[in-house]
Amino acid sequence: MHDKPRIAIVGGGPGGLTLARILHVHGIAASVFEGDAHEWDRPQGGTLDLHEESGLHALDCAGLRGAFATVARYEDQGDRLLDRHGNVLFETADASAGDRPEVDRSSLRSLLLGALPAGCVNWGRSVRDVRARADGRWDLLFEGDVEGPFDLVVGADGAWSRVRPLLSPYKPQYSGITFVEFGIDDIDRRHPALSRLVGHGKVGIEGGGKEIIAQRNGNAHVRGYAIFRVPADWAGKRFSFGTPGVVREELIREFDDFAPEVLDLFRAAGDRFVERQIHALPIGHCWAHRRGLTLIGDAAHLMSPFGGEGVNAAMLDAAELAHLLAERADWDGAVADFETHMFARVEGIAAEAAEAAATLLSHDSHALTLEMYRDREAQMAEALRTARTTS
Ligand SMILES: Cc1cc2nc3c(=O)[nH]c(=O)nc-3n(C[C@H](O)[C@H](O)[C@H](O)COP(=O)(O)OP(=O)(O)OC[C@H]3O[C@@H](n4cnc5c(N)ncnc54)[C@H](O)[C@@H]3O)c2cc1C
């Protein structure tokens with residue numbers, strides 16, 4: 001057994017927890033420092049679809065594919081596209097036919113947490129800074145105390161990483177897109193018409209330079225986004241976020257040229273409306289290797305969510321870094337090779353996500369979305385045909 005580095009992982013999101021788990025599978029200990037006070041400290045966000053070559057592959061490496069099957073929602077992979085008058089432009093023929101299962105973010109987090117050794121995750125530990133020591137190792141600085149030394153600090157702390165500034169001067173830039181997020185509980189029982197509108201998966205309703213996306217999560221919950229292409233300070237001025245009832249009316253006014261049955265999404269929404277500005281790091285973001293520090297996931301390559309790749313890329317980063325650390329005696333060389341490979345792997349998907357964000361709400365965005373859905377359906381049908389002929 002080689003000497004393994006003492007590892008700190010900053011951030012217990014999907015990237016950080018997958019890394020901790022796969023290292024654990026290889027017998028390598030790591031400490032996760034997570035800012036949340038506990039697992040249920042804040043809502044974790046909506047549903048994610050995991051892809052075979054990345055997110056699902058990482059779950060295989062984590063030995064969790066079987067357990068994942070119990071929380072995966074294969075039946076909710078559908079897509080619907082409507083114009084603002086409520087006319088259906090596209091609908092997936094069979095929402096359960098795809099190979100990109102949905103999973104609620106909270107379920108994924110619980111799955112990973114349940115597979116870590118006790119004490120691995122240090123809750124309520126928000127890292128303020130990372131400080132170089134004279135011996136070449138690193139200390140983590142918290143409000144009022146210090147933890148260390150660590151040989152390797154992995155920044156898995158998302159968009160506003162505290163580790164990134166030690167490696168790169170770049171900061172995420174506003175993409176021009178702002179979401180106002182809302183949620184609808186118990187949709188099947190309380191709002192059957194809206195349940196049909198959303199279908200088993202996601203519905204996008206677009207027109208007049210605005211869009212609503214609503215997506216089915218587990219437990220008959222729907223998470224929706226009212227989407228605008230606006231300056232960064234627009235939503236804060238336009239919506240009265242302190243008074244949910246007023247936000248509801250303001251959203252209905254913003255979308256007053258949409259069909260009444262579509263606006264029912266806002267009427268049925270609960271009292272939590274949240275502004276989410278979509279940011280991204282530059283395509284091809286990279287840094288010169290520095291011993292003892294690296295980044296994975298959004299900390300390394302934050303991209304707009306329209307490519308649907310962010311969590312998948314974060315989990316694949318984790319799997320690749322863990323494998324290299326397990327295989328190689330020279331752990332610093334392993335980290336440097338991981339970075340080189342990650343930079344090349346991610347550049348293309350970051351470019352695609354940026355293109356998807358750029359065309360969203362453009363004059364031909366409807367046509368492009370429709371083309372994308374039809375292409376994807378044709379690819380799935382082809383894959384199914386090939387699978388049948390080879391079996
Ligand atoms: C609205 C929206 C929808 C999205 N939809 C999709 C989708 O459908 N599919 C998809 O693949 N991706 C989607 N994404 C992107 C996806 O959420 C991210 O790519 C993914 O969560 C990245 O995982 P991560 O572990 O790198 O970072 P995060 O999920 O951001 O986790 C970072 C963790 O670090 C913790 N943390 C932060 N700072 C500190 C600190 N200083 N000290 C300690 N802990 C800290 C945070 O509390 C958090 O737990 C979406 C994103 C948004 C905003």
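In this chain, residues are counted from 1 in sequence order. Note that this is a predicted model, so its numbers are computed, not measured. Numbering of ligands and ligand atoms starts at 1, following listing order.
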Protein residues having a heavy atom less than 4.0 Å from any atom of ligand 1: V10, G11, G12, G13, P14, G15, F33, E34, G35, D36, R42, T47, L48, R105, R109, R125, S126, V127, A156, D157, G158, R162, F179, Y225, G297, D298, P305, G308, E309, G310, V311, N312, A314
Option among V346, D298, L281 that satisfies the side chain to side chain contact (heavy atoms under 4.5 Å, CB included) test with M303: V346
E309 side chain to A353 backbone, donor-acceptor under 3.5 Å: no
Salt-bridge criterion met for D36 and R109 (N-O under 4.0 Å): yes
Residues that R253 engages under salt bridge (charged side-chain N to carboxylate O under 4.0 Å, His left out), provided they are two or more places apart: none
ring-ring contact (aromatic ring centres under 6.0 Å, His included) against W287, all qualifying residues, sequence neighbours excluded: H285, F343
Listed partners of D256 passing salt bridge (charged side-chain N to carboxylate O under 4.0 Å, His left out), at least two apart: none
